[in-house]
Amino acid sequence: ALANTTGDLTSSLGNSGPASATLTVSAAVAPTLTKAFAVSGADEGETVDMTLTVANPNAFATVGNISLTDTFPAGLEAAGTPVGDAACVGGSFAGTDGDTAVSWTGGSVVAGETCTVTVPVRITGDSDLTNTAELTSDANATAITASDTLLVTAGALPTLAKSFSETGVTQGESLTMTIEVGNPNTLVDIANLEMTDTFPADLEISTDATGDAACSTGVLAGSAGDTSLTWTGGTLAAGETCTITVGVTPTGDTSLSNTAELLSDRNTTAIQATAALAVTPPGGPELTKTFSATTAVQGETLTLTLAVTNPNSVAAMDGVTLTDTFPTGLVLAGDATADASCTGGTLTGAAGDSAIGWTGGALATGATCTVTAEVTVTGASDLTNTASVTATGFPTPVDASAALTVTPAPAPGFAMGFAPSVIPQGSSTRVTFTLDNSGALVAADAAAFAVAFDPSLVLASDPAVSNSCTGGTVTAS
């Protein structure tokens, strides 16, 4: 209260004495403070507006020397500078993009006005947060506080995918393995990415690992001959995917399953991705055998072909042994020959032999060794000829057969004639015996015949026997 006393009042009528009055003054009321986020909930990484409202409830007094401070909790930062409206008179605003506090100091709000300060804020954490601001002024020395809570939806974890370019391969065959590390978030980066792929037994890198541009922030390790692959220290911006490719080769002959793991600043429990690969052992040698015809006449010469194939696209074959022992009635008419695909080894089989062999040979991947020989059918019966092949790692013989229908050679022609065929009694004539084997392709061996003349015929005293047949003995008595 204020007391005020005047001096004495004098007049023509005398001294009236002093006058006094008391004025009761109501002190200025402290300002009010409210704080609010523009939304009740937001996603991690999202930017929202936050408002701080300072109201002066006094009808006549200005509230000055305002100090408004908002220190953010963990997981929140300024996304821009604070801005006050026209009612926020004077003072200085502080805080810029990336800061964790904003303020307005030295300002004032005139009587009855409301000052609104707006600042964009960015959610950097993955948990709900409560933010409290404080206000002091010349109307209040004790800080006034205001709080608001923002519900935060955490960003997604990184993703991991793994695949082979084929579902199944042969032992030793190379293929491509692909690993994809993804950031599915639209607002949040993911850092400290650690991808590790330790291979199972019997799998190794055949060509060095490479990553696309999104993988450039980390260190990629994986070279030919290694049995593991890593990408460490990586960072992925929102929406990015790092794609890693590497050539791998299964060195064993059993199917396998390969699992990669991923850690980051968002997950301490490893995310896993698995891919399976069916692996089959390399195939053994293959063998085919053919005659140039399915039928032959005894004595005919045909071409025999033996083809040994390495069916594998990645594994060469060695220790190849080919054996073809002929059945009775078949012999080589000339030396066996082999083409250029029959690498190394020893080829046997010469004219007159009854077998062909190729031992210690080698076949490149996918190669076919072709052995050919001319053979003569010496027998009169149908025949089946079986060959076999083995190789290192494949000791069980693989057989191939070819059948030949044989037409026996015809019996030689045989004729007897007198020249002249008409003679007077007591005169002489010559008798001729003709053996004709021109219709056959084989010699007629062990030929023999005998003739007993009519009693009225006797040999001349000098029969002059002649013989153009090969071998044998002619007797006349």
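- Between Trp104 and Pro82, the closest side-chain pair of non-hydrogen atoms is not below 4.5 Å.
- With hydrogens and angles left out, the side-chain atoms of Thr405 and Thr295 include no donor and acceptor closer than 3.5 Å.
- Scored by the side-chain contact (heavy atoms from CB on, under 4.5 Å) test, Ser264 finds Pro158, Ile190, Leu193, Arg266, Asn267 as partners (sequence neighbours excluded).
- Looking only at atom types and distance, the side chain of Ser174 has a donor-acceptor partner in the side chain of Thr249 under 3.5 Å away.
- Contact check for Trp231 versus Ile179: no side-chain heavy atoms found under the 4.5 Å cut-off.
- Across all their heavy atoms, Asn131 and Thr71 have their closest contact at ND2-O, 3.5 Å.
- Under the 4.5 Å side-chain criterion, counting only non-hydrogen atoms from C-beta, Ile144 is not in contact with Thr32.
- Looking at heavy atoms from C-beta onward, Val102 lies in side-chain contact with Phe72 at the 4.5 angstrom threshold.
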Give every donor-acceptor pair under 3.5 Å between a side-chain atom in residues 307-320 and any protein atom, sequence neighbours left out.
{"from": "Thr309", "atom 1": "OG1", "to": "Thr368", "atom 2": "OG1", "distance (Å)": "2.8"}
{"from": "Asn310", "atom 1": "OD1", "to": "Asn312", "atom 2": "N", "distance (Å)": "3.1"}
{"from": "Asn310", "atom 1": "OD1", "to": "Asn312", "atom 2": "ND2", "distance (Å)": "3.0"}
{"from": "Asn310", "atom 1": "ND2", "to": "Ala315", "atom 2": "O", "distance (Å)": "2.9"}
{"from": "Asn310", "atom 1": "ND2", "to": "Leu363", "atom 2": "O", "distance (Å)": "3.4"}
{"from": "Asn310", "atom 1": "ND2", "to": "Ala364", "atom 2": "O", "distance (Å)": "3.1"}
{"from": "Asn312", "atom 1": "OD1", "to": "Gly283", "atom 2": "N", "distance (Å)": "2.7"}
{"from": "Asn312", "atom 1": "ND2", "to": "Gly283", "atom 2": "O", "distance (Å)": "2.8"}
{"from": "Asp318", "atom 1": "OD1", "to": "Thr392", "atom 2": "OG1", "distance (Å)": "3.0"}

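- Residue Ser292 is tested with Thr303, Thr301, Thr305 for a side-chain contact (heavy atoms from CB on, under 4.5 Å); the sole match is Thr303.
- For the 3.5 Å distance criterion, the side chains of Thr96 and Asp99 fail to qualify, holding no donor opposite an acceptor.
- Counting heavy atoms from C-beta outward, Leu304 and Asp324 have side chains that approach closer than 4.5 Å.
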